[in-house]
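For reference, the structure discussed in these notes is given below.
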Amino acid sequence: MNARRNIFTSDAFHGLVRNRVVIILAATLIIGATFVPGFLEFRTASLGLDRMATLGLVAIGLTVVLIAGQLDLSGGAILALSGIATIGLQAELGQIPAAFVGLGVGIAAGAINGFLVVVLRINSLVATLASMLFFRALAHLITESRPVSGIDPFFGLAVSRPIGGTFTGRTLIFFVLIILLHLWLTRSVAGRQLFAVGSNPASAEASGIRSRAYLFGAFVFSGTMAGVAGVIQSLSVNTGSPVFGENIVLIAIAAVVIGGTRLEGGRGSALGTLGGLLTIAALTTAMEYQSVPSYVQAIVTGVILLLLILLDRTVSGSQRRDVTLAALWRRARSSRSSRITERTLHHEK
Amino acid sequence: MTTPVPPPPGRTINRGLFSHYGARLGLPAGILVTLIAGALVSDRFLTVQNLTNVLINMSIIGIIVVGMTFVFVTRGLADLSVPATVAVGGLLVLGLESSIGTIPAAIVGVLAAAIAGGINGWLIGYAGLNPVITTLASGTIVLGIAQVFVGGVIVYGDNTEAQAFLTGRVFGVVPVIVLIFLAVVVIGHLVLSRSMLGRWSYAVGSNPSATGASAVPVKRVRAIAFLMTGTLSGFSGVLLGITLQTARPGIGTGYEFDAITAVVVGGVSLLGGSGTVLYAFGGLLFVQLLTNIMVLLGVPTEPQGLVKGALIVGAVAIDVALRRRGGRE
C-alpha cells in the first residue's frame with residue numbers, strides 16, 4: 001500500500017501522466033511503424049492528417065469550450081448546416097460569398113448556444129443538446145433530407161489538394177489555427193483569463209474578469225470553428241448534406257480529453273489537443289491498414305480514453321503540482337542545494 | 001417602520017404564488033393543452049387505437065427514462081452509454097435465443113447491460129470520474145464488444161410467440177409491454193419517493209459533501225443510479241429486440257438524447273436534488289403526444305427535432321427562471 005502510494009504520488013509518475021499524450025503518440029507511431037509497411041512515409045502521414053483536418057477544426061473549438069468548463073454537443077449539426085449554406089447558395093450568391101455565408105451560419109449558431117448558456121443560464125450539456133437537435137432538424141428541413149450538390153466540382157480542390165507537394169489546404173488551415181490557439185492560450189492575457197473562468201467563474205468574476213463574456217465568446221468560437229469545418233468539408237466533396245458530422249463531436253471530445261483537457265474546466269492546451277488528434281489519426285490509420293473492423297477500433301479508442309481519464313483522476317486526486325520538465329529539474333536542484341546548505345550549516349556548528 | 005425580519009427557513013413564503021404552482025402545474029397543464037389541441041387538429045388523435053400506439057411507442061424509451069431520472073437526481077449529469085446498453089440487450093437476446101431459449105437469453109442480455117452499468121457506476125461513483133466522458137468511453141467499448149460477439153451484423157430472431165406475447169393485449173386493451181413499462185414507472189417512483197435509497201439520492205444530489213458527512217454512502221448511491229440506468233436500458237433493449245425480432249448495433253442510437261429530453265421536460269434539474277419519476281413520465285408523455293400530433297399532421301421525422309429542441313430550451317429556461325424568482329439559485 002505504502003509502495004503503491006509512493007509510485008502514484010512520485011513526481012516522475014506525475015510527469016508521465018501529464019505528458020502522456022507524447023508517450024501515447026510515440027507508442028502508437030512505433031507500433032504502427034512495426035506492423036504497417038510504409039506507415040511513416042510522408043504520403044501516409046499526409047493522407048492521415050487530411051482526413052483528420054475536419055475533426056481537428058471541431059476539436060479546436062471544443063478545446064476552448066472545455067477549458068471554459070462547458071460542453072458543446074452541437075458542433076456536428078452546425079457543420080452540416082454551414083455546409084448546406086456553403087453549397088446550396090452557390091448558384092444564387094456565387095461560390096465565395098456562399099462560403100462566407102456558411103461561416104456566418106457557424107458564428108450565428110455559436111451565438112445562439114452562447115445565448116442559451118449565458119443569458120438563459122441553461123446547463124451547457126442540455127442547451128447544446130437542444131440546439132444540436134434543432135440545427136440538425138433545420139438542416140433536414142431545408143434540404144428535405146437530401147444532399148445538395150455544388151455548381152463546380154473543381155472549386156473545392158483548393159482545400160483538398162496538396163499544396164506544393166506537402167499537406168492539403170485544409171490540413172494547413174488546421175495547423176495554422178491550432179498554433180494560433182496555442183499562442184492565444186499561453187501568451188495572451190485573455191487566454192490566461194479563460195483558464196481562470198474555467199476553474200471558477202464566480203471567483204474569476206470577483207477578480208474583475210467578465211466571466212459571462214468569456215463563456216459567450218467560447219461558444220461563438222466553437223460555433224465558428226464548426227462553421228469553418230462545415231465550409232471546408234462541403235467544398236472538398238462539393239456536397240452539403242444534412243447527415244454530415246453525425247458522430248464528429250464525440251470523437252472530437254475524445255481527442256481533446258486524450259490531449260489532457262479536463263471536462264471540469266480550467267485545464268487544457270492546444271498542443272495537447274493536437275497530440276490527441278494525431279494519436280487518433282495514427283491509431284485509425286494503423287488499424288485500417290491492418291483491416292481491423294471498425295467496432296474493434298472503437299473498443300481500442302474507448303479503452304485508451306477510459307484509462308487516460310482514470311490515470312488523470314489518480315493523479316489529480318492527490319495534490320496539484322507543477323510537473324513540467326523545467327519545474328521537475330528546478331525542484332530536483334533546489335532540494336539538493338537545500339540539503340547541501342543544511343549539511344554546511346551542520347558542519348559549521 | 002418595522003425592522004426587517006429575516007425570512008423563515010421555509011422557502012415557500014419567499015416564492016410567489018406563480019412560481020410555486022407554475023413549477024408543479026405547468027406540465028399537467030401542458031399535457032392537457034396538447035390533448036385538446038390534438039383533438040382539434042386531427043379527428044384520429046383521441047381514439048383508443050391512437051392513444052394505445054402512443055403508449056406502446058413510449059414504453060421502450062420510458063423504461064430508460066426511469067433510470068435516467070435517478071442519474072439526474074443524484075447529480076450524475078447524464079448517461080450517454082444508453083445506446084450501447086440498449087444494443088447489448090437487443091443483440092444478446094436475439095443472438096442467444098436459438099441456443100438457450102428466449103427467457104435465459106433475455107436474462108443474459110439484462111445481466112450484461114447491468115455489468116456495463118455497474119462499471120459505469122464504479123468509475124463515476126467510486127473513482128470519481130466525469131460522467132459525460134466516462135459513459136461516452138464505456139458506451140463505445142461496450143457497443144464494440146457486443147458487435148464482436150455477434151460479428152458486427154444484424155441479428156434476426158425466430159421466436160414469434162414471445163413477440164406476440166409482448167404486443168398482445170391484456171383484457172383486449174392494454175398491451176403487455178405497456179403494463180411492463182407502467183410497472184417499472186410505479187416501482188421507480190416508489191423507490192425514489194418512499195425508500196431510503198430515494199431519500200439518499202435527493203440528499204446526494206442537493207449537497208454531496210454535507211450528505212457524506214452525515215454518513216450516507218454517497219459513492220454507492222451515485223453508483224447505483226448508473227447501475228440502474230444500465231440495467232433498465234438493457235431490459236428495454238431486450239424488449240425492443242423481442243418486439244422487432246431484429247436488432248442491429250445502432251438500434252439504440254438517439255435513445256440517450258430522447259431520455260434526457262423527457263427527463264428535462266419533466267422538470268428534473270440537471271443540478272440534482274429535485275424532480276420525481278412521475279414528472280419525468282409526464283415529460284415523456286408530453287413529448288410523445290406532441291410527436292404523435294406531428295406524425296398525424298404528416299410532419300416527417302427529421303424536422304421534428306425543431307420542436308423537441310425548442311421544447312427542451314423552453315422547459316429548462318422556465319425552470320431556471322422560476323428558480324431564480326423563488327430565490328433558490
Side-chain angles (χ1 to χ4, degrees), chain A residues 66 71 73-74 77 112 115-116 119-127 129-145 242-243 246-247 250-251 253-254 256-257 262-264 293-310 312-314 316-317, chain B residues 77-78 80 84 119 123 127-134 136-152 249 253-254 256-258 260-261 263-264 269-271 299-321 323-324 329:
Chain A
L66 259 59
L71 204 57
L73 297 177
S74 66
I112 292 177
F115 174 79
L116 295 179
V119 180
L120 295 185
R121 293 183 189 256
I122 299 175
N123 179 293
S124 63
L125 175 68
V126 171
L129 165 65
S131 66
M132 174 190 84
L133 294 173
F134 194 87
F135 296 146
R136 185 67 75 185
L138 200 59
H140 278 280
L141 191 68
I142 295 172
T143 59
E144 292 172 342
S145 299
V243 297
E246 290 256 88
N247 299 315
L250 299 185
I251 308 173
I253 292 180
V256 175
V257 172
R262 285 180 62 188
L263 272 130
E264 285 81 7
S294 65
Y295 45 85
V296 178
Q297 296 181 22
I299 300 180
V300 174
T301 319
V303 167
I304 291 179
L305 183 57
L306 207 52
L307 284 179
L308 282 179
I309 46 178
L310 204 55
D312 198 41
R313 182 69 202 176
T314 337
S316 63
Chain B
L77 292 177
L80 298 184
I119 293 173
L123 289 171
L129 299 186
N130 181 300
V132 172
I133 194 73
T134 306
L136 193 60
S138 71
T140 321
I141 299 170
V142 167
L143 189 58
I145 294 175
Q147 280 175 274
V148 169
F149 186 78
V150 297
T253 309
E256 78 279 41
F257 295 140
D258 283 348
I260 294 173
T261 306
V263 175
V264 166
S269 171
L270 197 61
L271 301 174
V299 181
T301 316
E302 303 294 354
Q304 290 172 8
L306 287 175
V307 177
K308 280 188 195 165
L311 202 59
I312 299 178
V313 169
V316 182
I318 291 172
D319 186 53
V320 171
R323 272 161 194 271
R324 225 184 292 167
E329 201 188 11

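Contacts between Ile142(A) and chain B at a heavy-atom distance below 4.5 Å are absent for every atom of the residue. Of the two parts of Leu311(B), neither the backbone nor the side chain holds a non-hydrogen atom closer than 4.5 Å to a non-hydrogen atom of chain A. Both the backbone and the side chain of Ile309(A) come within contact range of chain B, each with at least one heavy atom under 4.5 Å from a heavy atom of that chain. For Val296(A), the part lying under 4.5 angstrom from a heavy atom of chain B is the side chain only. Heavy-atom distances place the side chain of Val132(B), and not its backbone, under 4.5 Å from chain A. Proximity to chain B is limited to the side chain of Val257(A), based on heavy atoms less than 4.5 angstrom apart. At a 4.5 Å heavy-atom cutoff, the contact between Ile133(B) and chain A is made by backbone and side-chain atoms alike. The contact between Leu71(A) and chain B is made entirely by side chain atoms (from C-beta outward), counting heavy-atom distances below 4.5 Å. Neither the backbone nor the side chain of Val243(A) comes within contact range of chain B; no heavy atom of the residue lies under 4.5 Å from a heavy atom of that chain. Of the two parts of Leu306(A), the backbone and the side chain both hold a non-hydrogen atom closer than 4.5 Å to a non-hydrogen atom of chain B. Heavy-atom distances place both the backbone and the side chain of Val148(B) under 4.5 Å from chain A. For chain A, the nearby part of Leu270(B) is the side chain; its heavy atoms alone come within less than 4.5 Å. At a 4.5 Å heavy-atom cutoff, Ser131(A) makes no contact with chain B through either its backbone or its side chain.
Minimum interatomic distance between Gly302(A) and Ile141(B) (heavy atoms only, all atoms of both residues): C-CD1, 3.4 Å. In plain terms, the two heavy atoms of Leu77(B) and Leu125(A) that are nearest each other are CB-CD2, 4.5 Å.
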